[in-house]
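Take a look at the structure set out below.
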Amino acid sequence: MLSAFANAFRTPDLRRKLLFVLMIITIFRLGSQVPAPGVDVANVQQCLSQIENEGLYSLINLFSGGALLQLTIFALGIMPYITASIILQLLVVVIPRLEALKKEGQAGQAKITQYTRYLTLGLAVLQATGIVALARSRSLLQGCPLPLLHDEGTATFLVMVITMTAGTAVIMWFGELITEHGIGNGMSLLIFTQVVATFPGAMWRVATTQGWWVFGIVMAIGLVIIAGVIFIEQAQRRIPVQYARRMVGRKMFGGSSTYIPLKVNQAGIIPVIFAASLMYLPAMAVQFNQTNTDSAWVQFLDRYFVQGDHPLYMAAYFLLIIFFTYFYVSITFNPQEVADNMKKYGGFIPGIRAGKPTEDYLGYVLSRITAPGALYLGLIALIPLIALVLIGADQNFPFGGTSILIMVGVALDTVKQIESQLQQRNYEGFLK
């Protein structure tokens with residue numbers, strides 16, 4: 001693998017792409033450390049040292065690489081873009097106009113991408129307004145009464161909102177630059193960078209708070225988890241497809257064999273993000289009703305659905321992930337559309353008639369293969385919550401949940417793209 005990596009840097013155009021990606025990532029990480037105008041850096045650091053990084057904003061803080069609670073210019077990270085992309089994917093199924101654009105090919109997809117950018121900026125304005133408002137009211141970092149801003153006036157408020165929104169626009173631009181001029185998917189690599197940035201700190205907290213024996217056990221379990229995630233992420237059910245021969249003019253087309261790859265984890269990381277976002281709603285409701293703590297429903301939510309160490313919280317989180325896995329797979333893979341396309345181009349599954357029987361067969365296989373994928377996502381997402389109970393780690397436990405899925409998934413995809421470019425130049429790839 002090391003020799004293959006050296007070959008990648010010996011190839012001029014591949015080396016140029018890799019260095020370009022590293023340069024963008026370096027600028028991105030530097031921006032994640034630059035505080036927004038008006039932030040009292042000393043007080044923010046003092047507050048961060050007094051509280052634990054968990055609770056309502058832990059998911060957004062994870063995707064910002066810890067920049068959210070430090071109120072930097074890239075505090076929002078990539079989260080507005082992720083949310084906008086998910087919303088557009090759902091709207092494509094609901095709104096006929098967007099569905100028609102998707103079927104137009106590259107031109108329609110470019111239009112949907114433009115809508116995603118506009119929605120990202122709108123969500124960034126809303127999120128930045130909420131975060132700066134919480135910082136101004138000293139509610140962003142719970143349990144710390146120190147002022148986080150030098151000036152809590154309206155001018156500083158507007159400047160910070162504009163700065164954070166502009167930071168989100170710059171992050172989108174960085175992602176598109178990497179996709180166009182570098183290697184891999186730009187947005188995915190930026191998410192990977194932010195998640196990896198929090199990994200050493202999380203591991204160091206385990207070592208300092210639980211001891212080096214626990215640290216060694218966590219590392220050993222982490223390697224097993226990574227191996228399991230790689231195995232499941234690579235696993236797929238290949239449905240064979242045969243194309244009949246047909247004459248078009250004087251030429252013969254078809255007669256080839258291929259397959260439809262159905263991944264075990266067809267939904268990716270999206271169900272975990274959906275479920276985590278919904279599980280933050282009870283914590284948000286409790287936070288906004290702090291003056292009404294005597295209410296029975298506020299006490300119920302505070303007891304069972306705010307901290308992740310309660311069995312009822314874990315069960316609800318697990319069931320939501322399973323539900324969203326089936327829901328997301330159902331809207332992203334349409335057996336009827338696939339069956340119609342196969343029939344249109346003379347394709348068929350051996351032993352299955354074209355048309356409705358093919359649609360029923362694809363739906364049956366998809367539902368069967370989604371079941372282990374949903375259970376896999378649920379169990380991986382519960383690992384940090386179980387660690388919270390067993391060793392007292394925080395909810396951003398490094399080996400589990402969204403962090404490990406993102407790190408392994410993006411790393412595998414990037415390595416595959418580098419290997420494909422190496423093989424085009426007759427070099428040996430990373431994967432044997």
Side-chain angles (χ1 to χ4, degrees), residues 89 92-93 99-110 112-113 179 183-185 188 229-270 325-326 328-374 376-377 408-432:
Q89 285 182 347
V92 163
V93 184
E99 188 175 3
L101 282 176
K102 184 180 179 181
K103 293 180 179 179
E104 287 181 6
Q106 187 175 359
Q109 191 60 44
I112 293 177
T113 302
T179 303
I183 291 179
N185 183 283
S188 298
V229 170
I230 291 174
F231 178 77
I232 298 295
E233 291 293 329
Q234 298 284 79
Q236 58 182 225
R237 168 73 182 274
R238 296 182 176 183
I239 300 178
V241 178
Q242 182 74 34
Y243 284 93
R245 293 189 177 186
R246 55 197 177 100
M247 290 291 296
V248 179
R250 294 185 177 181
K251 293 185 178 180
M252 179 76 72
F253 290 92
S256 60
S257 298
T258 183
Y259 60 86
I260 302 174
L262 294 180
K263 295 183 63 178
V264 173
N265 182 22
Q266 188 81 6
I269 191 67
I270 302 299
T325 301
Y326 275 94
Y328 190 74
V329 168
S330 67
I331 67 173
T332 54
F333 186 92
N334 188 348
Q336 181 181 0
E337 183 180 348
V338 175
D340 290 343
N341 288 335
M342 288 171 54
K343 186 177 180 180
K344 184 187 301 183
Y345 294 103
F348 62 94
I349 299 173
I352 307 294
R353 293 179 59 188
K356 181 64 175 174
T358 298
E359 177 189 342
D360 294 339
Y361 177 75
L362 289 175
Y364 170 75
V365 173
L366 188 65
S367 64
R368 291 285 297 273
I369 204 171
T370 302
Y376 150 77
L377 284 177
V408 174
V410 176
L412 282 175
D413 181 64
T414 306
V415 166
K416 284 180 180 178
Q417 293 201 31
I418 294 176
E419 179 178 352
S420 66
Q421 299 213 19
L422 283 173
Q423 290 178 343
Q424 288 177 4
R425 296 164 178 82
N426 299 321
Y427 284 123
E428 194 176 53
F430 284 98
L431 305 176
K432 301 294 184 182

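One is the number of the first residue; the rest follow in order along the sequence.
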So, the side chain of [X] versus the backbone of [Y]: is there a donor-acceptor pair under 3.5 Å, distance only?
{"X": "S367", "Y": "Y364", "answer": "yes"}
{"X": "Q266", "Y": "K263", "answer": "yes"}
{"X": "T358", "Y": "R353", "answer": "yes"}
{"X": "N341", "Y": "E337", "answer": "yes"}

Pairwise side-chain contact, [X] with [Y], heavy-atom cut-off 4.5 Å (strictly under):
{"X": "I349", "Y": "L362", "result": "yes"}
{"X": "I239", "Y": "Y259", "result": "no"}
{"X": "V241", "Y": "F348", "result": "no"}
{"X": "Q236", "Y": "V264", "result": "no"}

Of all heavy-atom pairs between [X] and [Y], which one has the smallest distance, and what is that distance?
{"X": "P350", "Y": "P240", "value": "CD-O, 3.5 Å"}
{"X": "P357", "Y": "A354", "value": "CD-O, 3.7 Å"}
{"X": "L262", "Y": "I369", "value": "O-CD1, 3.4 Å"}
{"X": "G355", "Y": "A339", "value": "O-CB, 3.8 Å"}

Worksheet item: What do the steps show when you test I260 against R238 for side chain to side chain contact (heavy atoms under 4.5 Å, CB included), and what is the final call?
Response: CA-CA 6 Å; I260 302 174; R238 296 182 176 183; over 6 Å; no

Fill in: Rounded distance (nearest 0.5 Å) linking atom CD1 of I331 with atom OH of Y326
15.5 Å

Worksheet item: Could you give the distance from CD (E359) to CE (M342), rounded to the nearest 0.5 Å?
Response: 11.5 Å

Worksheet entry | Distance-only donor-acceptor check, side chains Q89 and Y328, under 3.5 Å | yes

Discussion item. Under a plain distance cut-off of 3.5 Å, with no hydrogens placed, do E233 and Y376 share a side-chain donor-acceptor pair?
Written reply: yes

Discussion item. Under the criterion salt bridge (charged side-chain N to carboxylate O under 4.0 Å, His left out), I'd like the reasoning laid out for D360 against K356: C-alpha separation, chi angles, the key distance, then a yes or no.
Written reply: CA-CA 6 Å; D360 294 339; K356 181 64 175 174; 3.5 Å; yes

